[in-house]
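A short write-up of the structure that comes next.
Source: prediction; values computed, not measured.
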Amino acid sequence: MKILPFLAVFVGSGLGGVCRYALSRAVQSWFPAVTAFPWGTFAVNVLGCFLIGLFYGLADRGALMSPQLRLLLTVGFCGGFTTFSTFINENSLLFGQSRFLLVVLYMLLSIAVGFTLLYVGYRLVR
């Protein structure tokens with residue numbers, strides 16, 4: 001088993017998580033009057049979508065980055081920054097394959113099951 005891909009994801013995830021925390025707090029502090037809307041998380045999620053698109057686009061252009069750097073930036077950094085970017089990227093890939101029913105199903109199931117399991121987990125420990 002090669003350790004370098006795992007190390008790349010590990011390092012990227014840590015950096016992404018720290019950046020998510022810092023950016024989310026900073027953005028949320030800019031909107032103290034409207035804190036009911038999670039502006040910090042929203043900003044992180046949409047920025048993560050932009051970044052994962054940018055990184056995959058650069059990777060697809062040719063020899064602009066090594067496989068380890070692509071792992072560090074996409075699975076690692078973007079995954080640590082936000083898993084929402086991966087979710088959107090996967091839906092984009094399905095959409096590009098004209099698998100429209102799977103796109104809708106994946107989106108609806110992710111939201112419905114995610115909310116349901118959040119509630120179940122919360123109720124289990126309450």
Side-chain angles (χ1 to χ4, degrees):
M1 176 172 72
K2 294 183 179 181
I3 192 75
L4 194 54
F6 291 95
L7 186 59
V9 171
F10 175 75
V11 169
S13 295
L15 293 172
V18 168
C19 288
R20 175 184 62 226
Y21 179 74
L23 181 61
S24 181
R25 285 187 54 126
V27 169
Q28 198 64 38
S29 73
W30 299 338
F31 298 98
V34 283
T35 55
F37 188 84
W39 287 108
T41 301
F42 177 77
V44 164
N45 284 339
V46 296
L47 179 59
C49 291
F50 171 75
L51 289 174
I52 202 165
L54 184 73
F55 296 149
Y56 270 109
L58 287 171
D60 286 348
R61 289 191 74 182
L64 295 177
M65 64 177 70
S66 68
Q68 289 80 16
L69 180 58
R70 188 179 83 176
L71 270 176
L72 184 137
L73 294 174
T74 58
V75 177
F77 183 83
C78 287
F81 192 62
T82 171
T83 57
F84 186 72
S85 59
T86 301
F87 170 72
I88 293 299
N89 185 60
E90 290 168 345
N91 275 292
S92 175
L93 294 172
L94 290 171
F95 190 84
Q97 298 166 358
S98 299
R99 302 184 79 179
F100 306 118
L101 181 59
L102 281 180
V103 171
V104 172
L105 187 61
Y106 184 30
M107 285 185 180
L108 291 177
L109 280 174
S110 294
I111 292 167
V113 173
F115 274 124
T116 301
L117 290 178
L118 174 98
Y119 178 78
V120 169
Y122 178 80
R123 297 302 294 178
L124 279 174
V125 297
R126 192 151 183 248

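One hydrophobic cluster holds both Leu47 and Leu73 under the rule that ILVMFWY side chains link at heavy-atom gaps under 4.5 Å. Cluster membership for Leu51 and Val18, using ILVMFWY side-chain heavy atoms within less than 4.5 angstrom, is not shared. Residues Val103 and Phe87 are members of one and the same hydrophobic cluster, defined by side-chain heavy-atom contacts under 4.5 angstrom among Ile, Leu, Val, Met, Phe, Trp and Tyr. Under the 4.5 Å side-chain heavy-atom criterion for ILVMFWY residues, no single connected hydrophobic cluster contains both Ile88 and Leu58. By the rule that hydrophobic residues join a cluster once side-chain heavy atoms approach within less than 4.5 Å of another member, Leu117 and Leu109 end up as members of one cluster.
Of all non-hydrogen atoms in Cys49 and Ser85, the two that sit nearest each other are N-CB, 3.6 Å. The shortest heavy-atom contact between Ser13 and Val75 is OG-O, 4.4 Å.
The backbone N or O of Trp39 lies less than 3.5 Å from a partner atom in the side chain of Gln28, making a donor-acceptor pair. Judged purely by atom type and a 3.5 angstrom limit, Ser24 has no side-chain atom pairing as donor or acceptor with the backbone of Tyr21. Side-chain N or O atoms of Thr116 include one that pairs as donor or acceptor with a backbone N or O of Ala112 at under 3.5 Å.
Its side chain within the 4.5 Å cluster rule, Val104 clusters with Leu108 among the Ile, Leu, Val, Met, Phe, Trp and Tyr residues. Counting Ile, Leu, Val, Met, Phe, Trp and Tyr side chains that sit under 4.5 Å apart, directly or through other members, Tyr56 shares a hydrophobic cluster with Ile52. Through side-chain heavy atoms spaced under 4.5 Å, either directly or across other Ile, Leu, Val, Met, Phe, Trp or Tyr residues, Phe115 is tied to Ile111.
Here the CG atom belonging to Leu71 is positioned 11.0 Å from the CG atom belonging to Leu7, to the nearest 0.5 angstrom. In this structure, CG in Leu102 is found 12.0 Å from CD in Glu90, a value given to the nearest 0.5 Å. Atom CZ of Arg20 and atom CG of Leu15 lie 12.5 Å apart (nearest 0.5 Å). Taken from OG1 in Thr41 to CG in Asn45, the straight-line distance is 6.5 Å, to the nearest 0.5 Å. In this structure, the separation between OH on Tyr106 and CG on Leu94 is 8.0 Å, given to the nearest 0.5 Å. Taking CG from Asn91 and CG from Leu105, the interatomic distance works out to 10.0 Å, rounded to the nearest 0.5 Å.
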Original post:
For Val9 and Leu72, what are the C-alpha separation, side-chain angles and deciding distance, and is it a side chain to side chain contact (heavy atoms under 4.5 Å, CB included)?
Top reply: CA-CA 5 Å; Val9 171; Leu72 184 137; over 6 Å; no
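Using a 30° and 60° split on the angle between ring planes, Phe81 and Phe77 fall in the parallel class, below 30°.
In Tyr119, the OH atom is not crowded: 12 or fewer heavy atoms of neighbouring residues, nucleotides or ligands sit closer than 6.0 Å.
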